[in-house]
Amino acid sequence: MDKIKIRGGNSLSGVVEVSGSKNAALPILFSSVLTDELCVYKRVPDLQDIHSTLVLLKYLNIDCEFKSEQHEAQLKANCVNKHEAPYDLVRKMRASVVVLGPLLAKYGKAKVSLPGGCAIGARPINYHLSGLEKLGAKIQLENGYVIASCKRLRGTRVCLEFPSVGATENIMMAATLAKGETVIENTAREPEISDLACALRAMGAQIEGDGTERIFVQGQTSLHGCQYQIMGDRIEAGTYLAAALATKGCIEVTGINTKHLEAVLKKLEKTGAQIERKENAVLLRSPKKLKSVNIVTSPFPGFPTDMQAQFMVIMAIANGISHIKETIFENRFMHVPELIRLGANIIIDGNMAIIHGVKNLIGAPLMATDLRASASLIIGALCAEGESIVNRIYHLDRGYEKMEIKLRALGADIERIL
Ligand code: EPZ
């Protein structure tokens, strides 16, 4: 199993370009199920989760070609002969559940394994299922599978109990082929939702209101093929900015819409960092001393839960005490015991982490537990004195493209070892 070895202490400097967004690319690739025609996607990141998605799409008998060097995926779903997402595939990547809406809308049937919990929380899919039921799907749970069927879905009003990203995506995709208008209320406003809506519009879907709390979808009888470029990864961008700040560096991150990062940029500024917002880029200059800042994670436009672990490393070496409250997932502090192994002073009280900043961290062997926890350990190791080895790095490969290569180009002493 691959590991990453880091000798900490180098300040990051230079320019890094982010890859296409993982969390936008996954549902967009699944949306290709909605048409028989060719869909060509550009800026698809070369990540383990993308490969897992392609395995599932191939299993459905979709013609998939991924040119990883060019970051281009070509998908043609004109010969789908299975309507099932089996346990072994969903278990590896729970985002596979968003294949449910497209399969149901296009073929009137779908059998998708319930994903089960994961390292960061129980993560049920009840909002996905009740939304699809409101659109007219019959849903049963049997042997760990969701078995769904319908004639043609019917447009209706769906009000989500919570602005779930995945439920908004599943219901919005299903509604594109429903009869009549669907109004989805209390929707997630994450930029990835708008990116999916743009990709669906490129296929002929009629969607309005994405990016707000109410999305309107006028169902079509069919959708057509498209060419679409995925947006830049705001969480990858935030991760490199956090790494630069933790190492007292100065970097420019390119290839992102800075508006997608506003909540993170504001908090970085509160630590004392100088932030310059450019067109599709952010320049960060570190202060001499880091100030402590409190964070509460919340749905977009709030501070993203996917940046909580990385931000905690900055707080671990800031002056003073900070509080980080995690409100989205019930178990997203798995990185804390590992950061403590680097010498951080962090106490957990329910969904709150109380961080007493220390002067410096000291290298140690570490164990990654999930994607963003892995990123936080990499940042911790980059700013710690001495050597750290981060184990179970396959979590990182699910969501960061060539991270060690990008960090090395910024001056980090980092290598992948077997
Ligand atoms: C998406 O997960 C992202 N994943 C996550 O990214 C991200 O952390 C999360 O949104 C929040 O921003 C992808 O886009 C592939 P939710 P998702 O449905 O859709 C509860 C990363 O590191 N809930 O908005 O699964 C749920 O348990 C990751 O890249 C229900 O109770 O998130 C959670 O507590 C991990 N019932 C909260 O809502 C439901 O039916 C938010 O979940 C659905 C969700």
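Everything quoted here is computed from the prediction, not taken from an experiment.
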| said: Is it true that Y228 and D195 share a donor-acceptor pair across their side chains at a distance under 3.5 Å? | reply: yes
| said: Has R94 got a side-chain atom pairing as donor or acceptor with R123's backbone, closer than 3.5 angstrom? | reply: yes
| task | Take R416 and D397 through the salt bridge (Lys or Arg N to Asp or Glu O under 4.0 Å) test and state the conclusion after the steps. | result | CA-CA 12 Å; R416 185 178 285 254; D397 295 333; 2.8 Å; yes
| task | Taking the side chain as every heavy atom from C-beta outward, state whether V282 and L241 have any atom pair closer than 4.5 Å. | result | yes
| task | Begin from the C-alpha positions of E213 and T187 and carry the test side-chain hydrogen bond (donor to acceptor under 3.5 Å, both in side chains) through to its verdict. | result | CA-CA 5 Å; E213 289 153 2; T187 48; over 6 Å; no
| message | Testing the 3.5 Å rule here: is there a donor-acceptor pair between the side chains of K406 and S19? | response | yes
| request: Could you give me the CA-CA distance, side-chain angles and deciding distance for V99 and L60, then say whether side chain to side chain contact (heavy atoms under 4.5 Å, CB included) is met? | output: CA-CA 10 Å; V99 77; L60 302 177; 4.0 Å; yes
| Hey, are Q310 and S376 close enough side-chain-wise for a donor-acceptor pair under 3.5 Å? | no
| field | Criterion side chain to side chain contact (heavy atoms under 4.5 Å, CB included) on I324 and M352, from CA distance to verdict | value | CA-CA 6 Å; I324 294 187; M352 179 84 86; over 6 Å; no
| task | Determine whether the side chains of E72 and Q74 contain a donor N or O and an acceptor N or O closer than 3.5 Å. | result | yes
| Any chance CZ of R154 has more than 12 other-residue heavy atoms, nucleotides or ligands included, within less than 6.0 Å? | no
| said: So N10 and L382, do their side chains get closer than 4.5 Å, heavy atoms only? | reply: no
| request: Mind listing the closest non-hydrogen atom pair of L103 and E84 along with its distance? | output: CD1-N, 4.2 Å
| task | Just do the side-chain hydrogen bond (donor to acceptor under 3.5 Å, both in side chains) check on Q308 and H335 with the steps written out, would you? | result | CA-CA 10 Å; Q308 177 257 107; H335 45 287; 3.0 Å; yes
| task | Taking the side chain as every heavy atom from C-beta outward, state whether R234 and E192 have any pair of such atoms under 4.5 Å apart. | result | yes
| Hey, is NZ on K82 packed in by over 12 heavy atoms from elsewhere, all under 6.0 Å? | yes
| query | Quick one: does I314's side chain get under 4.5 Å of I317's, heavy atoms only? | reply | no
| message | Looking at T35 and S32, would you say the former's side chain and the latter's main chain have a donor-acceptor pair under 3.5 Å? | response | no
| remark: Residues pairing under salt bridge (charged side-chain N to carboxylate O under 4.0 Å, His left out) where one sits in residues 15-35, two or more places apart or in two chains, turn out to be K22-D49
| said: I'd like to know if D370 pairs up with R392 as an ion pair, taking the criterion as any Lys NZ or Arg NE/NH1/NH2 lying under 4.0 Å from an Asp or Glu carboxylate oxygen. | reply: no
| message | Distance check, rounded to the nearest 0.5 Å: K92 atom NZ versus L89 atom CG? | response | 6.0 Å
| message | For the backbone of I393 and the side chain of D2, can you confirm whether one donor and one acceptor N or O come within less than 3.5 Å of each other? | response | no
| Salt bridge between E269 and R277, side-chain N to carboxylate O under 4.0 Å? | yes
| query | Does the separation of the ring centres of F66 and H71 fall below 6.0 angstrom? | reply | no
| field | Separation of M307 CE from E236 CD (nearest 0.5 Å) | value | 11.5 Å
| message | Please tell me whether Y145 and Y87 form a close aromatic pair, meaning their ring centres lie under 6.0 Å apart. | response | no
| task | Taking D46 for its side chain and S68 for its backbone only, find out whether a donor-acceptor pair lies under 3.5 Å. | result | no
| Is there a donor-acceptor pair under 3.5 Å between the side chain of E338 and the backbone N or O of M367? | yes
| Between E404 and R408, does at least one N-O distance fall below 4.0 Å, as a salt bridge requires? | no
| task | Please confirm whether the backbone N or O of L290 pairs with a side-chain atom of T271, one donor and one acceptor, at under 3.5 Å? | result | no
| request: Before giving the answer on side chain to side chain contact (heavy atoms under 4.5 Å, CB included), spell out for I414 and K5 the whole-Å C-alpha distance, their side-chain angles and the decisive distance to 0.1 Å. | output: CA-CA 6 Å; I414 179 168; K5 184 162 103 180; over 6 Å; no
| Atom NZ of K109 and atom CD1 of I147: how far apart are they, to the nearest 0.5 Å? | 12.5 Å
| remark: Of all heavy-atom pairs linking L284 and L245, the shortest is CD2-N, 4.1 Å
| Any donor-acceptor pair under 3.5 Å linking the side chain of S292 with the backbone of N319? | yes
| field | Which atom of L47 lies closest to which atom of G399, heavy atoms considered | value | CD2-C, 3.5 Å
| query | Given I6, which of D413, L366, I389, I378 fulfils the side-chain contact (heavy atoms from CB on, under 4.5 Å) condition? | reply | I378
| query | Atom OG in S322, atom NE2 in H356: separation rounded to 0.5 Å? | reply | 9.0 Å
| said: Are the side chains of L141 and L129 in contact, using a 4.5 Å heavy-atom criterion? | reply: yes
| query | Taking it one step at a time, do L56 and F30 satisfy side chain to side chain contact (heavy atoms under 4.5 Å, CB included)? | reply | CA-CA 9 Å; L56 175 52; F30 284 122; 3.7 Å; yes
| Any side-chain heavy atom of V40 within less than 4.5 Å of one from C226? | no
| request: Report the residues that fulfil salt bridge (Lys or Arg N to Asp or Glu O under 4.0 Å) with K325, sequence neighbours left out, ordered by chain and then residue number. | output: none
| task | Show the numbers, then the answer: is there a salt bridge (Lys or Arg N to Asp or Glu O under 4.0 Å) between E326 and R332? | result | CA-CA 7 Å; E326 172 57 55; R332 212 172 196 185; 5.4 Å; no
| query | Would a distance-only check, ignoring hydrogens and angles, find a side-chain to backbone donor-acceptor pair under 3.5 Å from T297 to T327? | reply | yes
| task | Might you point out which heavy atoms bring C250 and L283 nearest each other, and give the distance in Å? | result | SG-CD1, 4.4 Å
| query | Do you know which of L114, V97, V146 makes side-chain contact (heavy atoms from CB on, under 4.5 Å) with V90? | reply | V97
| field | Where at least one partner belongs to residues 93-117, residue pairs that pass ring pair (Phe, Tyr, Trp, His ring centres under 6.0 Å), sequence neighbours excluded | value | H83-Y107
| Reported CD-to-CG distance for the pair E385 and L342, which is rounded to 0.5 angstrom | 11.5 Å
| request: Using a cut-off of 6.0 Å, state whether more than 12 heavy atoms not belonging to Q70 lie near its atom CD. | output: yes
| task | Decide yes or no for R189 and P163: does some side-chain heavy atom of the first lie under 4.5 Å from some side-chain heavy atom of the second? | result | no
| message | With heavy-atom distances below 4.5 Å as the criterion, would you say the side chains of D210 and L196 are in contact? | response | no
| field | From CG (N257) to CD (E279), nearest 0.5 Å | value | 10.0 Å
| task | Please check if the side chain of T168 supplies one atom and the backbone of A188 the other of a donor-acceptor pair under 3.5 Å. | result | yes
| field | Whether S11 side chain and T247 backbone form a donor-acceptor pair below 3.5 Å | value | yes
| field | Shortest non-hydrogen contact between P299 and F162, atoms and distance | value | CG-CZ, 4.0 Å
